[in-house]
Amino acid sequence: MKERNKHLEGDDDHGRRVASMFNRIASWYDLLNRTLSLGLDRTWRNRLVDSVQLRTSGKILDLASGTMDVSGQLQSLEEGLKILALDFSLSMLKQGQEKIDPLRVLPVCADAHTIPLPDHSVDCVTIAFGIRNILPRDSAYAEILRVLVPGGRLCILEFGSARQKIWGGLYNLYLTRLLPRIGRLVSRDPAAYSYLARTITQFPSAEELRQELLASGFQQVRYESLTSGIVCLHIADL
Ligand SMILES: C[S@@+](CC[C@H](N)C(=O)[O-])C[C@H]1O[C@@H](n2cnc3c(N)ncnc32)[C@H](O)[C@@H]1O
């Protein structure tokens, strides 16, 4: 596994804090994900994988890949397909090693702001539950645009901003009150799970994100709400 995060670029302080937080919770991440999403996270990631579009390069970049759930699913999409799983938390990548075939998936520890790939080298970039952690977003979009082939696609799976009430406010209550408590009990890291709730409530709405992606240079951007808008799938084409 290559380590490329000696120098965290972009918003350095934010990046260091986020990487260190994910390093701390890596061993709990998968279990908590499954439990706190009531198993729905698998269904959401399946939708992301279904939206992937392959063109000429035969390569996919799974950005902010974490414990590589998405990379593990992508590897069986097509014979000969190569996947780069990139994350700046080495512990998250290590945690997911069992899920991947090393002949198909190459895990790389690096920052999304400095992707170690040549220009126009991947057909598609996937980001599952990663974009809200990446700041600043505009320079990350510039890197994604640089590595995509002409006509390439970016598929983002992310929580909705949760500014509107979902299920009569029950979900909002779960997110801001219950989830940090459960996270605190299980992982003994209260900061991590209040951070999760905070980033979800502060994240732009689906329409704001669409405008942001269009402004960054994507030609066509659409989104689909999943599970009453708890999660959104954004598809941005060049
Ligand atoms: C919530 S996890 C999502 C992991 C995985 N994609 C999934 O579906 O479970 C967010 C991941 O984004 C990574 N991350 C956040 N900012 C990053 C950046 N600037 N560069 C690379 N990885 C980043 C974190 O280390 C973490 O593993």
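Start at 1 and go down the list; that is how both ligands and their atoms are numbered.
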Query - Heavy atom of M68, distance to ligand 1 below 4.0 Å - result: no
Query raised in the report: Just distances here: any N/O of L86 and N/O of ligand 1 closer than 3.5 Å?
Result: no
Report task. Report the part of A19 (side chain from C-beta onward, or backbone N, CA, C, O) that has a heavy atom under 4.0 Å from ligand 1; answer both or neither where that applies. Result -> neither
Query - Within-shell test, G15 vs ligand 1, heavy atom, strictly < 4.0 Å - result: no
Query raised in the report: Of all the atoms in ligand 1, which lie at a distance below 4.0 Å from a heavy atom belonging to N133?
Result: 10 (C), 15 (C), 16 (N)
Query - Point-to-point distance, once rounded to the nearest 0.5 Å, from CG of L209 to CZ of R132 - result: 12.5 Å
Query raised in the report: How far is atom 2 (S) of ligand 1 from its nearest protein heavy atom, and which residue and atom name does that atom have?
Result: Y29 OH, 3.4 Å
Query raised in the report: Which is closest to atom 12 (O) of ligand 1 in terms of heavy atoms, A26, S65, A64, P136?
Result: A64
Query raised in the report: What are the two closest non-hydrogen atoms of Q73 and R45, and how far apart are they?
Result: OE1-CB, 3.7 Å
**Report entry** Which residue and heavy atom of the protein sit nearest atom 1 (C) of ligand 1, plus the separation
**Finding:** F129 O, 3.1 Å
Report task. Compute the shortest N/O to N/O distance between A128 and ligand 1 and return yes if it is under 3.5 Å, no if not. Result -> yes
Query raised in the report: Taking everything shown except R146 itself, do over 12 heavy atoms lie less than 6.0 Å from its CZ?
Result: yes
Report summary line: If we number the atoms of ligand 1 from 1 as shown, the ones under 4.0 Å from a heavy atom of M92 are 27 (O)
Report summary line: CG of L74 to CE of M68, rounded to nearest 0.5 Å, is 12.0 Å
Report task. Would you please classify the geometry between the Y29 ring and the F22 ring as parallel, tilted or perpendicular, with 30° and 60° separating the classes? Result -> perpendicular
Query - Value rounded to 0.5 Å, distance of CG in L63 from CD1 in I115 - result: 5.0 Å
Report summary line: Nearest heavy-atom contact between Q95 and T67 is CB-CG2, 3.8 Å
Query raised in the report: Which protein non-hydrogen atom lies closest to atom 8 (O) of ligand 1, naming both residue and atom, and how far is it?
Result: R45 NE, 2.9 Å
Report summary line: Counting from 1 in the order shown, the ligand 1 atoms closer than 4.0 Å to a non-hydrogen atom of G66 are 4 (C), 27 (O)
Query raised in the report: Can you find a non-hydrogen atom of A140 under 4.0 Å from ligand 1?
Result: no
Query - Numbered atoms of ligand 1 (with element) below 4.0 Å of S89, judged on heavy atoms - result: 25 (O)
Query - Same apolar cluster: L86 and L145, side chain cutoff 4.5 Å - result: yes
Query raised in the report: Once the angle between the rings of F129 and F159 is folded into 0 to 90°, is it parallel (under 30°), tilted (30 to 60°) or perpendicular (over 60°)?
Result: tilted
**Report entry** Identity and separation of the nearest protein heavy atom to atom 14 (N) of ligand 1
**Finding:** F88 CE1, 3.4 Å
Report summary line: A student checking ligand 1 against A110 at a 4.0 Å heavy-atom cut-off should list atoms 20 (N), 21 (C)
Query raised in the report: Looking only at N/O atoms, are D111 and ligand 1 under 3.5 Å apart anywhere?
Result: yes
Requested in this report: Examine R132 against ligand 1 and note whether any of their N/O atoms are separated by less than 3.5 Å.
Outcome: no
Query raised in the report: Can you name the nearest heavy-atom pair linking V108 to L93, along with the distance?
Result: O-CD1, 3.6 Å
Query raised in the report: Can you find a non-hydrogen atom of D87 under 4.0 Å from ligand 1?
Result: yes
Requested in this report: Say whether I134 and Y223 are linked into one hydrophobic cluster, either directly or through other cluster members, by side-chain heavy-atom distances under 4.5 angstrom.
Outcome: no
Query raised in the report: Can you tell me how far CG of L214 sits from CD of Q219, rounded to the nearest 0.5 angstrom?
Result: 8.5 Å
Report task. Could you find the nearest protein heavy atom to atom 20 (N) of ligand 1 and give me its residue, atom name and distance? Result -> A112 N, 2.9 Å
